[in-house]
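In what follows, a structure is listed as structure tokens, so that the remarks can point back to it.
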Number of protein chains: 2
Amino acid sequence: MVEAFHIKEEDAVRVDGEELRRSTIAIFEKLGVPAEDSSRAADVLVTADLRGVDSHGVSNMLKTYIERFGDGTQNTHPDWKIVSERASIANIDADLGLGIIIAPKAMEIAIAKARDTGVGVVTVTNSGHLGMAAYHAMLALPHDMIGMCMTAAGASVLPTFGREPRLGTNPIAIAAPAGEEQPWVFDMATSIVPVNKLHNAHRMGSMLPPGHIADSEGTPIMEPILAPETFDLLPLGSTREQGSHKGYGLASAVEVLCSIMSGARWATQLPRWSFRHYLAAYDVSAFSDINEFKSNMDEWLRELKATPTAPGHDRVLVAGQPEHEMFIDRTANGIPLHHEVVDWFRSTCAEFGVACAI
Amino acid sequence: MVEAFHIKEEDAVRVDGEELRRSTIAIFEKLGVPAEDSSRAADVLVTADLRGVDSHGVSNMLKTYIERFGDGTQNTHPDWKIVSERASIANIDADLGLGIIIAPKAMEIAIAKARDTGVGVVTVTNSGHLGMAAYHAMLALPHDMIGMCMTAAGASVLPTFGREPRLGTNPIAIAAPAGEEQPWVFDMATSIVPVNKLHNAHRMGSMLPPGHIADSEGTPIMEPILAPETFDLLPLGSTREQGSHKGYGLASAVEVLCSIMSGARWATQLPRWSFRHYLAAYDVSAFSDINEFKSNMDEWLRELKATPTAPGHDRVLVAGQPEHEMFIDRTANGIPLHHEVVDWFRSTCAEFGVACAI
């Protein structure tokens with residue numbers, strides 16, 4: 001974890017995840033979201049908080065979701081439907097439903113298709129914010145499947161050599177089950193960091209590491225800099241010499257598979273609240289023996305974790321490990337929220353007339 | 001293109017691609033490879049040379065392939081077979097066939113499954129070197145499909161904070177058709193660069209940009225350095241602060257999908273000549289209207305290329321564009337090979353008793 005994006009301990013109030021969940025469900029229900037969908041939405045948010053993905057938890061996202069349900073840019077009762085389907089794929093029009101609610105339904109379809117044919121791919125257009133992409137990929141794990149989730153977002157990232165943003169932060173998440181080890185859960189923005197991490201850094205008055213943003217003319221800033229209020233993000237790689245064309249290309253791949261393949265428009269052509277998703281499930285047992293797979297995953301993960309370290313580092317991590325460790329800690333000790341967020345949450349509960357458990 | 005990896009004009013001899021192809025086919029046939037497979041193998045190599053992907057062309061790879069057929073680590077007549085199959089997936093044991101020959105056959109199966117079910121995924125284990133990954137992804141293009149190709153290779157890349165290599169350069173390639181524009185063709189190593197690019201840089205006595213390799217203890221070298229003979233590669237991102245955990249995670253994802261999902265072992269557990277592949281095809285027309293897709297691809301690609309530029313740069317490129325421009329140039333003006341490579345090729349032709357057209 002990079003220091004710039006951590007909440008300072010003196011600003012933090014620890015709140016209980018289950019209590020945060022209860023109040024969040026109640027707020028969604030007051031907004032008019034059906035009970036089951038409200039539970040799902042709260043689960044996506046609180047799971048992000050518990051895993052330490054603060055950028056996608058209650059504190060960063062709930063306010064936006066409330067606004068979008070309020071101004072009608074998001075539908076509480078979307079008439080979502082499959083507009084195109086084959087044995088192993090489906091393409092869904094989400095009717096402006098919220099991504100955190102629609103994506104799990106799409107993933108269920110992908111899982112069913114994977115069970116039938118080996119792999120299932122479901123695209124979603126006309127949707128809302130997806131939340132933490134790993135959440136949806138992880139839905140495949142209890143089915144002994146590998147899950148994948150990507151989403152294409154509004155333009156905030158510069159293409160290599162460009163001075164105007166053309167692509168979203170377009171994350172890619174993949175989750176694979178293991179046996180005795182924790183599942184391998186990978187979730188990366190194809191930009192250098194997600195937009196919300198920079199908003200948090202700005203709010204906290206933090207310095208940014210080199211290679212995160214460009215100056216107003218599009219030149220990558222390669223010195224530490226105080227996090228500004230507005231910015232254009234660099235793709236993963238930061239500069240051409242260090243591979244920014246790869247981050248730019250990965251973001252483009254996400255746009256092609258989420259948006260253009262499914263007949264949707266793209267980052268620059270849509271309002272900021274309109275998102276496109278791609279969800280996939282692979283039935284491992286269609287390819288090979290699931291028990292051998294799990295024991296191989298265990299052995300491979302243990303080997304990676306046992307890699308001798310470079311000076312100044314005490315361990316090599318695998319994807320999902322820091323988030324799982326954070327999950328254990330925060331489940332036991334609570335989620336550290338900024339005291340201003342706690343104040344906002346309490347006043348929001350009061351406004352909606354729901355009991356505030358935190 | 002980064003200067004360190006370019007052949008110097010004064011060292012180059014321009015050779016005709018078709019003549020290079022003819023002699024390469026003849027060499028494969030003399031090695032005992034069937035005629036059709038020899039043509040395919042030569043096409044993969046010469047296509048890489050024509051597209052400017054010198055690291056994966058005749059000059060860098062043919063010598064290795066000759067050695068591997070010679071010492072029996074690669075089979076000229078592999079008894080490759082599908083070991084597991086469902087409606088939209090297959091898993092192939094390549095019986096030590098060469099990847100450049102087996103992968104196109106696997107892609108044909110993926111394409112047929114995509115036509116039936118919307119998407120097709122084929123994994124290949126016990127295979128040889130794949131060549132340029134984009135080649136196989138591009139096989140989907142004439143079918144109005146999106147192609148994807150990945151391969152897991154021997155350990156040469158450090159995990160973030162590690163001092164011993166645990167993963168291969170594990171490239172990811174995706175090709176999507178367009179209408180009037182050239183297809184979008186993306187092909188990246190998940191390491192900072194492919195191994196062969198560094199071998200070329202060493203041979204040419206070039207300086208490496210910062211962030212390409214680590215010192216002997218695993219610490220990323222963040223200054224320019226003369227390309228050494230042996231090295232451990234850094235993942236895309238170079239350092240943790242600039243996202244090396246993402247390059248490391250992407251390389252791991254390729255290992256999971258190519259190797260572990262298909263029941264194979266992985267980078268550190270296999271000899272260097274043993275590769276695992278993943279090929280996929282998406283039938284665009286299963287998701288949306290193919291004509292609308294192509295016109296959207298055209299519009300999106302033109303918009304990216306028209307992005308205003310940062311100072312010092314005259315254009316924003318899209319994936320596959322430099323390679324296509326190189327293809328036009330080299331088809332017309334020949335492929336620049338190092339004069340030592342030309343000498344080696346001529347003596348190899350003599351050794352095998354085949355006419356040397358270059």
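Throughout, protein chains are lettered first and strands after them, A, B, ... in sequence-line order, and every chain is numbered starting at 1.
- Across every non-hydrogen atom of B:Glu241 and A:His212, the tightest pair is O-CE1, 3.5 Å.
- Note on B:Met148, B:Lys113, B:Glu85, B:Met297: by heavy-atom pairs under 4.5 Å with chain A, the leading option is B:Met297.
- With a 4.5 Å cut-off on non-hydrogen atoms, B:Leu234 does not touch chain A at all.
- Nearest heavy atoms, A:Phe186 versus B:Gly249: CE1-CA, 3.4 Å.
- A:Phe287 and B:Met261 make their closest contact through CB-O, 3.3 Å (heavy atoms, listed as atom of the first residue, atom of the second, distance).
- Of the listed residues (B:Gly162, B:Ala286, B:Gly312), the greatest number of heavy-atom pairs within a distance under 4.5 Å of chain A belongs to B:Ala286.
- Using a 3.5 Å distance cut-off with no hydrogens or angles, the side chains of B:Gln242 and A:Ser238 do pair a donor with an acceptor.
- For A:Thr160, the part sitting under 4.5 Å from any heavy atom of chain B is the backbone (N, CA, C, O) and nothing else.
- Going from atom OG1 of A:Thr307 over to atom CG of B:Leu158 covers 9.0 Å, rounded to the nearest 0.5 Å.
- For a residue to count as touching a neighbouring chain, one of its non-hydrogen atoms must lie under 4.5 Å from one of that chain's; by this rule A:Ile146 touches chain B with the side chain only.
- Neither the backbone nor the side chain of A:Val83 has a heavy atom closer than 4.5 Å to any heavy atom of chain B.
- Nearest heavy atoms, A:Glu255 versus B:Trp300: CG-NE1, 3.9 Å.
- The minimum heavy-atom distance between A:Arg166 and B:Pro308, with the atom names listed, is NH2-CD, 3.6 Å.
- Contact of A:Gln269 with chain B is made through the side chain alone, with heavy-atom distances under 4.5 Å.
- Contacts between A:Ala267 and chain B at a heavy-atom distance below 4.5 Å are absent for every atom of the residue.
- Residue A:Ala319: no heavy atom, backbone or side chain, is found under 4.5 Å from chain B.
- Heavy atoms closer than 4.5 Å to chain B are found nowhere in A:Asp289, neither backbone nor side chain.
- Put simply, the side chain of B:Lys246 never gets that close to the backbone of A:Leu236: no donor and acceptor are under 3.5 Å apart.
- With a 4.5 Å cut-off on non-hydrogen atoms, A:Ala264 touches chain B through its backbone but not through its side chain.
- Considering only heavy-atom pairs separated by less than 4.5 Å from chain A, the leading option among B:Glu303, B:Arg265, B:Met188 is B:Glu303.
- Both the backbone and the side chain of A:Ile192 come within contact range of chain B, each with at least one heavy atom under 4.5 Å from a heavy atom of that chain.
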Test log, rule side-chain contact (heavy atoms from CB on, under 4.5 Å), inputs B:Asn296 and A:Trp266: CA-CA 9 Å; B:Asn296 278 340; A:Trp266 51 93; 3.7 Å; yes

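- A pairwise comparison of heavy atoms in B:Tyr248 and A:Leu317 identifies OH-O, 2.7 Å as the closest pair.
- Looking at A:Met222, the atoms closer than 4.5 Å to chain B (heavy atoms on both sides) all sit in the side chain, from C-beta outward.
- A 4.5 Å side-chain heavy-atom check between B:Tyr282 and A:Leu257 finds at least one atom pair inside the cut-off.
- Between chain A and the options B:Ile290, B:Ile260, B:Val316, the largest number of non-hydrogen pairs under 4.5 Å is found for B:Ile260.
- Comparing A:Ala189, A:Ser285, A:Ala90, A:Pro220 by heavy-atom pairs within less than 4.5 Å of chain B, the highest count is held by A:Ala189.
- With respect to chain A, the highest number of heavy-atom pairs below 4.5 Å among B:Gly263, B:Ala310, B:Gly218 belongs to B:Ala310.
- Without hydrogens or angle criteria, A:Ser84 side chain to B:Ser288 main chain gives no donor-acceptor distance under 3.5 Å.
- Looking at A:Ser295, there are no atoms closer than 4.5 Å to chain B (heavy atoms on both sides), in backbone or side chain.
- Proximity to chain B is absent for every atom of A:Ala214, based on heavy atoms less than 4.5 angstrom apart.
- Of the atoms belonging to A:Arg315, it is backbone heavy atoms, and not side-chain ones, that fall under 4.5 Å from chain B.
- Screening B:Ile89, B:Asp116, B:Asp283, B:Thr117 for a side chain to side chain contact (heavy atoms under 4.5 Å, CB included) with A:Ser88, the sole residue that qualifies is B:Thr117.
- Residue contact with chain A, scored on non-hydrogen atoms closer than 4.5 Å, involves the backbone and the side chain of B:Pro311 alike.
- For B:Ser262, the part lying near chain A is the backbone, with the side chain staying farther off; criterion is any non-hydrogen pair under 4.5 Å.
- Highest contact tally toward chain B, considering only A:Leu304, A:Asp215, A:Leu250, A:Asn91, is held by A:Leu250 [criterion: heavy-atom pairs under 4.5 Å].
- In this structure a side-chain-to-backbone donor-acceptor pair under 3.5 Å is present from A:Arg86 to B:Arg115.
- The most heavy-atom pairs under 4.5 Å with chain A, out of B:Ile174, B:Thr190, B:Val284, B:Val256, come from B:Val256.
- In this structure, chain B has heavy atoms under 4.5 Å from both the backbone and the side chain of A:Pro210.
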